[in-house]
Amino acid sequence: MIERFRETIRAAASQKRALRIRGGGTKDFYGGPLRGEILDTRDHAGVVSYEPTELVVTARCGTRLDELERMLAERGQRLAFEPPHFGETATLGGCVAAGLSGPRRMAAGALRDFVLGAKIIDGRGDSLSFGGQVMKNVAGYDVARLMAGSLGTLGVIVEVSLKVLPMPASEATLRFEMTQEDAIGTMNRWAGRPLPISATCWHAGQLMVRLSGAAAGVAAAQRDLGGETVEEGARFWCELREQRHRFFEGPAPLWRLALPPATAPVPLAGEPLIEWGGGERWLRSEAPAEVLREAARAAGGHACLFRAPFETAEPFQPLAQALARIHRSLKAAFDPNGVFNRGRMYPEW
Amino acid sequence: MQTNLADFIRDTPEGREADGILRKCVHCGFCTATCPTYQLLGDELDGPRGRIYLIKEMLEGVAVSGRTRLHLDRCLTCRSCETTCPSGVQYARLVDIGRAVVDRLRPRPAADRLRRALLKESLPRPALFGAALALGQAFRPILPGALAAQVPRTSGRGTWPQPRHARRMIVPAGCVQPALAPDINAAAARVLDRLGISLIEVPRAGCCGALRFHLGDQEGGRRDARTMIDAWWPYLSQGVEAIVMTASGCGAFVREYDHLLERDSRYAEKAKRIASLVRDVSEVVAAGEARLAECAQRSKPAPLRLAFHSPCSLQHGQKLRGVVEPLLVATGCELTPVADAHLCCGSAGTYSILQPEIAGRLREAKLAALGAGAPEAIATANIGCLAHLQAGTATRVRHWIEVIDERLD
Amino acid sequence: MSPMETAGVEPADFLAERDFGGRDREALLSELSRVLPRGALLVSPEDARPYECDGLTAYRQLPLAVALPDSEDQVRAILRICASLDVPVVARGAGTSLSGGAMPHKDGVVLSLARLRSILALDPLARTARVQPGVRNLAISEAAAAHGLYYAPDPSSQIACTIGGNVAENSGGVHCLKYGLTVHNVLRVRAITIEGEALEIGSEAPDAPGYDLAALINGSEGMLAVITEITVRLTPKPLTAKVVLAAFDDVVHAGDAVAAVIAAGIIPAGMEMMDQPATRAVEPFVHAGYPLDAKALLLAESDGTPEEVEEEIGRIREVMAANGATGIRVSRDEAERLRFWSGRKAAFPAVGRISPDYYCMDGTIPRKRLAEMLTAIATLEGKYGLRCCNVFHAGDGNLHPLILYDANAAGELERAEEFGGEILELSVEYGGTITGEHGVGIEKIGQMCSQFSRQELAMFHRVKAAFDPRGLLNPGKAIPTLNRCVEFGRLHVHKGGVPHPELPRF
Ligand SMILES: Cc1cc2nc3c(=O)[nH]c(=O)nc-3n(C[C@H](O)[C@H](O)[C@H](O)COP(=O)(O)OP(=O)(O)OC[C@H]3O[C@@H](n4cnc5c(N)ncnc54)[C@H](O)[C@@H]3O)c2cc1C
Ligand code: SF4
Ligand code: SF4
């Protein structure tokens, strides 16, 4: 399988043809336009090793995310960053390349925080291995982590090792009525206290808070915070993660603003939904991209056009000049012939 | 660390001692974190690890200039680095050796020598200078009159209780302390009297030697020490339990008489005995803490917000940390929090005269830290720090034993 | 420049290290003294020599000069000058690196960041601190304490090491098992390239557009850019924390107990191990009350609400007991908890009490192989005739065998190095890595050739070149050139092929 990938890549490289790396295709909507011949990763599937006591799982890129999570769950473990699937066919490789994390990100960390190692094939067709299966590793630059969120523009991720964690013993979801401003203040204040909050979501005057951890800790926090206990909490967070919540319905462009979490409500046209303790702010908005980008930048963050019915703007906030140069050089280092996912991250490459 | 000492020193007693100390240093750098001069100046050469390295190079025979001496001069000998060092490196002993060697290899310019000579001859004799110096620990380069105005005088010496207890200890009258703050020894005597100990003052016999020693006259320092030993020795046969020091700077030095005179065949044994009997007044009071608390309960003193500055000679030199504070609390003082309590105030013997700029910055920082909790007064345990700090603040600075004494009335 | 145009160009220092001899020293010094305050440029060997090594004294090199800037502008100016004269630059924080990362270059300038030590902003609501690189790790937690917050990664050297050095080494600590390494707790870094250009990497928002350059700058060992400002995430202090101190009469049992705790689904806030020689070295310094007759000690911390901690401590005790612990104590109060830890944190230098020199290894292996590794180390002690203390971040599988030697005794250092080399190679063989947190530096550069293939090493060189095309930042460290690997003689031979027939043999 790997040999087949390498041959395809070498051939494309020698002819300077574009390849489009694709797993389940569940994130085809994310990022720039899809160009080139498909390099399908789905057949390179399967778990290579999983040892619950080592807290590490290593699997091939084509492994289905839902299967992987099911296997972990059987041993009482999980991917703590709660990755969105956006469809049953989502694969592990696509998940890592997209680098997206779910509601638990604010407490547990992002996908990139859990990457321990990766085997990749670069744009020369060379098989390379970085990082490993141990918790700590500073031998050489952390190229494995660099792969997280690289949108397949640096190489084919053929195998990854991820840190896994035990499932929380107990969870509860609370609901509060609150304005956006109060919610932002409250989420940040609570985050500054040792509370087992694992997710927050504010939308339309309601703040949802999920608690996770040892039963005693969750119960204590529940008493401390008050609010109304929500019965179907688990479903709510899953719908939110998968963007099946009603906020995500309809054709209006969906923007994702990542901001310093304590940023006051940003007065922008459109309907907001706030996650990650204030750090991730979704917006259904027809406002011009420049306006949103400038607002995000001014607040110390960035804006991404996450989903749109048709291409209205570049997906990602443009980079400052010095950073853009480094990006181009890195791209050239990994993929000198510009084979992989051309234009998927930035139009120039 | 690897060492390879040069012929000129390798087989001397100092050389052997220095080698042993150097070999213990593993160059981890922990000590730089708590070194006042490194924190201020941010140069390896102004921190303990760098100074150790400079000394090592010099002892290994690398040519030195006045630069090495400059960095050794900038050291306060506060010994904060020793407290921090997990490896047990005896930095102060090493720097003493290093200073002696650099003075030998690169004699100071004449003007510098003269200044130091003046200091070490005049300071131990307060009569020459009015009230100006604490026993080897402090001196303010200002007019005696101005100093007198800044150092709060107690209402004179106060009463000294009659020696009525079976338990007896002696306290040496300091060279400067009586002029600056005459009540400190008397206050100690009154507090100990309440705890069932009679304190007897030994008449002034000169400086304990710290001053000369730290001004580069190591032989002169030893001479002073012998004089002190001779003055105290007769008391030991009269059943005196301990030699109590009320200035922690002197205490730190006297405690190491054994090391200072270990190669003096006539005095080595005596010095050992004397050193073993030295106690800081806080240790003696702490041993009677329960009794102290009882007395305090009876006298019901008014609340007092106090910031305590532990002198380096107490916390690093004598390694007495957290001994005074509970005593103050036991007498109803509220101690305000003080950040970076391990750092030197800049007094450090004659340092404040010789390195006024660094000393001034350290005092500023120290007073800011002491003032953070808005205390009504500042307490400390060494006359040098007391005078140095007082010269920079309107808040009253006192010896802690005086504070306690007052609160027991 | 499009990727196509650079295709095929290999970094300058890929095959062999560059020679920086013959640069215009006079011009360099006069330009540097123009941009630096008085006393901030050290050139005489007398002044520069104390900078010749970091925490690893076995490797020393006198630099051309040492610069002590006190502002970011000065840092930028120094870098521009060095770039224009093609002079190497080695950044330095507190110089506590244990891998020689901050060891100077003979033709280069040491750029000390120690004077950039202000905490620029501390935002309790957003839980962030924006600091200069020379701020000490512990100073951040001290400043945050008033708000009930702290900076979680706590290397044992935290009292002295700088946050800039921490980022450059991606340092870990005793609490990283639960709270992550430096890379997990640094939100944003500003770094200056050798050309003097500022890079804003990451952000105070949860993420930043483009590649995750923070993944590269953390652990970059001063080879990509000079870090001048850092925003760290602060963590709320847990309500309570307690440490279990378990004694074992056999190191192997202690190793097994570590795996058993994790297997029981417990992630302690920290889990550390010390063997008997290490314990005996530190006890006289910390007076922690460690049992001195135990062959190994395990420290395991639980934190959270009082109820959670009670429950977890109970479970940890059970697991320890079931795995042969001969004695178990739980810290009674905060002071005792800190004392238990302080012994562990002071362990390396405390070893200076029992041996003039030590050589600290940093391999990381899968936890389940801890016991096996300990047995192997015991055998190697015999083989090399050197003692070895074992101190480690057991929960992470990160070993710190301290090989005791005497640098004044001929041949001991060489034996210690070989001993260490064998441990590192075993680490790789056991499925681990040669360095978990101390970095490669100059010390483990040879072993990099065993851990990585030629192509992988080439990729590292290309990554470096993306930031520093002329290889001026910390040359000769972390990533070996192919020539060096050939010299080292251990380059991976892939699929039985002869490695690099194109390279001359030495
Ligand atoms: C006793 C002891 C215990 C230790 N324990 C631990 C531990 O538990 N965990 C751990 O991870 N490490 C530990 N270390 C290793 C060391 O403390 C860490 O690597 C630390 O992060 C180094 O910080 P520093 O400021 O001393 O950096 P330095 O030693 O000065 O430099 C280290 C590297 O970082 C680079 N660098 C420094 N500052 C910058 C900057 N601003 N920009 C770019 N590059 C820079 C240097 O070029 C060098 O390559 C220990 C060391 C000692 C001596
Ligand atoms: S004695 Fe004080 S000033 Fe001198 S090196 Fe040690 S800590 Fe620094
Ligand atoms: S702390 Fe001790 S061992 Fe470490 S550098 Fe300082 S003196 Fe040397």
Side-chain angles (χ1 to χ4, degrees), chain A residues 53-55 76 105 109-110 112-113 126 128-129 132-143 145-146 148-150 165-166 188 191-194 214 216-217 220 258-262 276 279-280 300-302 316-317 319-320 322-323 326-333 335-338 349, chain C residues 1 3-4 6-7 124-127 170 172 181 184 197 199-200 203-212 215-216 219 236-239 259 262-263 265 304-305 307-308 311 364-368 396-398 431-437 439-440 448 451-452 455-456 459-460 462-463 466-467:
Chain A
T53 62
E54 296 295 321
L55 303 176
R105 189 250 177 271
R112 53 92 74 171
D113 294 322
D126 286 341
L128 309 171
S129 171
Q133 306 191 8
V134 286
M135 293 297 141
K136 286 163 124 180
N137 188 349
V138 293
Y141 306 115
D142 198 346
V143 174
R145 204 182 303 281
L146 179 68
S150 65
L165 284 175
N188 278 282
R193 292 175 46 200
L259 303 179
W276 297 1
E280 185 178 55
H302 62 105
F316 301 110
Q317 187 117 357
L319 299 168
L323 279 183
I326 304 260
H327 275 68
R328 276 196 306 275
S329 307
L330 279 175
K331 169 73 177 173
D335 181 17
N337 296 300
W349 38 266
Chain C
M1 183 176 59
M4 327 293 165
T6 58
L125 185 61
R127 290 146 280 123
N170 188 16
L181 308 164
H184 302 115
E197 228 175 344
L199 302 175
E200 287 281 342
S203 80
E204 288 172 19
D207 38 47
Y211 296 137
D212 193 343
L216 297 179
K237 273 202 201 139
L239 288 177
I262 304 283
T305 62
E307 301 87 352
E308 279 173 305
E311 189 203 311
T364 300
I365 56 170
R367 268 180 295 262
K368 62 177 176 206
D396 303 317
N398 186 192
T433 175
I434 57 172
T435 173
E437 57 180 23
V440 175
M448 283 292 281
Q451 189 167 336
F452 293 97
Q455 287 82 359
E456 287 152 3
M459 190 56 87
F460 288 145
R462 290 188 203 105
V463 167
F467 289 79

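Chain naming here is simple, since letters A, B, ... match the order of the sequence lines and numbering starts at 1 in each. All values below come from the heavy atoms of this structure, side chains included, with hydrogens, waters and symmetry mates left out.
Between chain C and the residues A:Asp126, A:Leu319, A:Leu259, the largest count of heavy-atom pairs under 4.5 Å involves A:Leu259. If you tally non-hydrogen atom pairs under 4.5 Å between each of A:Gln317, A:Glu54, A:Arg145 and chain C, the highest count goes to A:Glu54. Between chain C and the residues A:Glu280, A:Arg105, A:Gln133, the largest count of heavy-atom pairs under 4.5 Å involves A:Arg105. Contacts with chain A were tallied for C:Pro124, C:Ala259, C:Pro366, C:Gly439; C:Pro366 has the most, counting heavy-atom pairs under 4.5 Å. Counting heavy-atom pairs closer than 4.5 Å to chain A, the top-ranked of the candidates C:Arg367, C:Glu311, C:Glu204 is C:Arg367. Among C:Gly210, C:Gly431, C:Ala126, the residue making the largest number of heavy-atom pairs under 4.5 Å with chain A is C:Gly210. Counting heavy-atom pairs closer than 4.5 Å to chain C, the top residue among A:Ala320, A:Gly109, A:Ala191, A:Ala148 is A:Ala191. Looking only at heavy-atom pairs under 4.5 Å with chain C, the residue among A:Gly132, A:Gly192, A:Ala214 that has the most is A:Gly192. Taking C:Ile365, C:Val440, C:Asn398, C:Ile434 one by one and counting their heavy-atom pairs under 4.5 Å with chain A, the maximum is reached by C:Asn398.
Nearest heavy atoms, A:Ala216 versus C:Glu308: CB-N, 4.4 Å. Closest approach of A:Ala258 to C:Pro206, counting heavy atoms only: CB-CD, 4.1 Å. Closest non-hydrogen pair, C:Gly432 versus A:Val134, comes out as CA-CG1, 4.0 Å. Across A:Thr53 and C:Ala263, no two heavy atoms sit closer than the pair CG2-CB, 3.3 Å. A:Pro194 and C:Pro238 make their closest contact through CB-CA, 3.9 Å (heavy atoms, listed as atom of the first residue, atom of the second, distance). Nearest heavy-atom pair across C:Met448 and A:Ala139 is SD-CB, 3.9 Å.
Once rounded to the nearest 0.5 Å, the distance linking OG1 of C:Thr433 with NZ of A:Lys136 reads 11.5 Å. Within the model, atoms CG of C:Leu199 and CD1 of A:Ile326 stand 4.5 Å from one another, a figure rounded to the nearest 0.5 Å.
In this structure, the portions of C:Lys368 lying under 4.5 Å from any heavy atom of chain A include both its backbone and its side chain. Only the side chain of C:Leu181 comes within contact range of chain A, with heavy atoms under 4.5 Å apart. For C:Glu197, the part sitting under 4.5 Å from any heavy atom of chain A is the side chain, from C-beta outward, and nothing else. With a 4.5 Å cut-off on non-hydrogen atoms, A:Ala110 does not touch chain C at all. Both the backbone and the side chain of A:His327 come within less than 4.5 Å of a heavy atom of chain C. At a 4.5 Å heavy-atom cutoff, the contact between A:Pro166 and chain C is made by side-chain atoms alone. Contacts of A:Leu165 with chain C are made by side-chain atoms alone, with heavy-atom separations under 4.5 Å and no backbone atom involved. Using a 4.5 Å cut-off between heavy atoms, C:Asn170 contacts chain A through both its backbone and its side chain.
No side-chain donor-acceptor contact under 3.5 Å links C:Gln455 to the backbone of A:Leu128. Looking only at distances, a side-chain donor or acceptor of C:Glu456 sits under 3.5 Å from a matching main-chain atom of A:Ser129.
Residues A:Asn137 and C:Thr364 form no side-chain contact, since every pair of their non-hydrogen atoms from C-beta on lies 4.5 Å or further apart. Considering only heavy atoms from C-beta on, A:Leu330 comes within 4.5 Å of C:Val463 through its side chain. Between A:Leu323 and C:Tyr211 the shortest side-chain heavy-atom distance does not fall below 4.5 Å.
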>> Between A:Asn188 and C:Arg127, is the side-chain contact (heavy atoms from CB on, under 4.5 Å) condition met? List the steps.
In response: CA-CA 8 Å; A:Asn188 278 282; C:Arg127 290 146 280 123; 2.6 Å; yes
